Amino acid sequence: MPRHPRATSTSAAPAPRCSVGSTPASTTACSSSASRTPTASARPRPASTLSSRAWPGWGSTPTSRWSTSRTTCRTTSLPPRTWWPGASCVIPLDEQERRHAAGAPSVVRYRVPREDGNVEFADVVYGEQSIDPHELDDFVLLRTDGSPLYMLSVVCDDIAMRVTHVVRGQDHLSNTPKQILLYQALDATVPTFAHLPLIMAPGGEKLSKRKHGDVVSVTTYRDRGFLPDALVNYLALLGWSPGDGDEQEVFTRAELIERFSLERVGRSNAKFMFTAGDPRNWTDPKALSINSTWIRNMPLDELLPHVEAALRAEGLWDSAFAGERAEWYRATVELIRERFWTLRDFVEQGAAYFSDRVTFEPAAVAKNLGREPKLAAALPALAERLAGLASFDLESVEATVRAVADEHELKHGAVITGLRTAVSGQAVGPSAFELCVAIGQERVVRRLRESPALVRGAG
RNA sequence: GGCCCCAUAGUCCAGUGGUUAGGAUGCGGGCCUUUCAAGCCUGAGGCACGGGUUCAAUUCCCGUUGGGGCUACCA
């Protein structure tokens, strides 16, 4: 049998079928034969419901008996199950009859076999496990209403789906022995288990949807401009590495499929660093970093569709970008992606390139326009000079900018940075001259003509 | 309380019975320059503690401490 799900099955071994995650496809899959809604007329359940291991159990409230047991074993510091030799679980038959006659609702509980030795299995990640069944509770299989619990459902679903490899979080490691017992009770083949280390929140607790909200949701990453491959790349690195002195960190999906192996997955939990509410570090900085690496370095042709989708979603897409302006579009994306971190940057900062929409960053305006009042006159003057340019290319734009700066007795840098902000709204970005050429003569001229209001407003 | 798992910089990962303990990210400084969440260079920062085993432990063993998980008529 292949040791992990991505291994290629070479021989007659069946192709691995994986159960990834922990939610059964159906919580009622197993209930058909075993569950009946108890009624006053229901006959006592035979002890043989499940390999002579399932028993009816009563309690005035679902957990009353267990609460007592917990208290007992805590105060006596006994192993949890020693007080439970079966006596309080196995109710005498006549008592069962009496309770059923009285219509007392019951659950069906699995009686753990404690005389057959330890439950053993080899976890692909955590290694050999051997659990003393005395540590295991007699757990409930069916609720009072006959519906199955998770423990039974996963096992039944995975058997039904012929799952060969179960890959899930380490929080299920302790439940695995119970499930193995169920596989055996049902006379089914026990699958191979691989438990993965957990991803913890910055505070150290288990990361959860309930407590941590959107950061745990993949759709959040999609909506906030992550490339699918970049997310997968980052996640793969949480707990796994190629090893053998190989320090590569950027992996394509194909490389991951080729090189990933469960055997090289570590056993210690990872902390997922993020700062809720911080627009810059809303998720782990390393995840952001890998996403930016992808955006900057992936083949342009593979990035383009993602940018297009983002622009379309914001109403910034122009069919000309795929037609007569295709070349310009490609060059522009290539120019601006160098400093971008997520796909959102293409619609936020990028809007200034693809449309008439410019978002002026207040800090940028204050820094590059607000500190030099003379720009209120210089920038419009520059606008007219640029408007008169027959060829709006890098060299002529630069020459014009420098000339206008001299004429207004301004430092070149002041005009250049002011120009960048007046035209793109940003304090950072590509070379101001390249930026102008990319945005185009008409828009640059128009934005410069409108800039005095910004200069005065900021000053 | 019981059982299980884990332990290398802030974080994510390599690594070795003898190494200047490596990379990434983040942070500091410098360079470049018209800007920097860009690029280049550079700096600080780590083997949790205590016992063993050994000529020699970050590495192997035990314990301690610390962290996490499970222990539901949740999944």
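Just so it is clear, the structure is predicted and the values come from calculations on it, not from any experiment. By convention in this document, chain letters (A, B, ...) are assigned in the order of the sequence lines, proteins followed by strands, and residues within each chain are numbered from 1.
- Residues passing the side chain to side chain contact (heavy atoms under 4.5 Å, CB included) test with A:Gln441, sequence neighbours excluded: A:Leu389, A:Phe392, A:Val445.
- The side chain to side chain contact (heavy atoms under 4.5 Å, CB included) test applied to A:Ala310 returns A:Val347, not counting sequence neighbours.
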Look for any protein N or O under 3.5 Å of an N or O in nucleotides 41-43 of chain B and output each such pair with its distance, or none.
none

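- You'll find that the side chain of A:Leu173 is closest to B:C4, out of B:A75, B:A37, B:C4.
- Nucleotides of RNA chain B nearest to A:Arg296 and A:Phe433 differ in position, and the one nearer the 5' end is that of A:Phe433.
- Among residues two or more places apart in sequence or in another chain, the ring pair (Phe, Tyr, Trp, His ring centres under 6.0 Å) test is passed with A:Trp240 by A:Phe251, A:Phe260.
- Closest approach of A:Leu136 to A:Arg114, counting heavy atoms only: O-NH1, 2.8 Å.
- A stacking contact links A:His172 to B:A75: the aromatic ring centre lies within less than 5.5 Å of the base's six-membered ring centre, and the planes differ by less than 30°.
- Identified under the salt bridge (Lys or Arg N to Asp or Glu O under 4.0 Å) test for residues 223-235 of chain A, with sequence neighbours left out: A:Asp229-A:Arg253.
- Counting atom types as modelled, A:Thr417 pairs no side-chain N or O with a base atom of B:U34 as donor and acceptor under 3.5 Å.
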Given Watson-Crick or G-U pairs with both distances under 3.5 Å, what dot-bracket string fits RNA chain B, with | for other-strand pairs and [ ] for crossing? (((((((..((((....[...)))).(((((.......)))))....(((((..]....))))))))))))....

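- Distance from the side chain of A:Leu149 is smallest for B:C74 among the nucleotides B:G2, B:C70, B:C74.
- Using a 30° and 60° split on the angle between ring planes, A:Phe346 and A:Phe340 fall in the perpendicular class, above 60°.
- Residues satisfying the ring pair (Phe, Tyr, Trp, His ring centres under 6.0 Å) criterion with A:Phe360, sequence neighbours excluded, are absent altogether.
- Applying the side chain to side chain contact (heavy atoms under 4.5 Å, CB included) test to A:Val163 and every residue at least two apart in sequence or in another chain returns A:Ser19, A:Asp158, A:Met161, A:Val166.
- Within the cation-pi definition used here (under 6.0 Å to the ring centroid, within 45° of the axis), A:Lys178 qualifies as a partner of A:Phe139.
- Judged by atom type and distance alone, A:Thr144 reaches the base of B:C73 through a side-chain donor-acceptor pair under 3.5 Å.
- Within the 4.0 Å cut-off from OP1 or OP2 of B:C74, at least one side-chain nitrogen or oxygen of A:Arg143 is found.
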Could you write out each protein N or O paired with an N or O of nucleotides 8-15 of chain B at a distance under 3.5 Å?
from	atom 1	to	atom 2	distance (Å)
B:C12	OP1	A:Lys271	N	2.5
B:C12	O2'	A:Leu237	O	3.3
B:C12	O2	A:Lys286	NZ	3.4
B:C13	OP1	A:Gly239	N	2.7
B:C13	O3'	A:Ser241	OG	3.4
B:C13	O2'	A:Ser241	OG	3.4
B:A14	OP1	A:Ser241	OG	3.1
B:A14	O5'	A:Ser241	OG	2.8

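- Applying the side chain to side chain contact (heavy atoms under 4.5 Å, CB included) rule to A:Lys271 yields the partners A:Met273; only residues at least two apart in sequence or on another chain are considered.
- The aromatic rings of A:Phe193 and A:His195 lie parallel to each other, their planes meeting at an angle below 30°, with 60° marking the opposite boundary.
- In this structure A:Phe226 satisfies the ring pair (Phe, Tyr, Trp, His ring centres under 6.0 Å) test together with A:Tyr221, A:Trp282, sequence neighbours excluded.
- A sub-4.0 Å separation between OP1 or OP2 of B:G67 and a side-chain N or O of A:Arg267 is absent.
- Between A:Phe354 and A:Tyr329, the ring planes lie tilted relative to each other; the angle falls in the 30° to 60° range.
- For residues 199-210 of chain A, proximity to RNA chain B is found at A:Met200, A:Gly204, A:Lys206, defined as any non-hydrogen atom under 4.0 angstrom from a strand atom.
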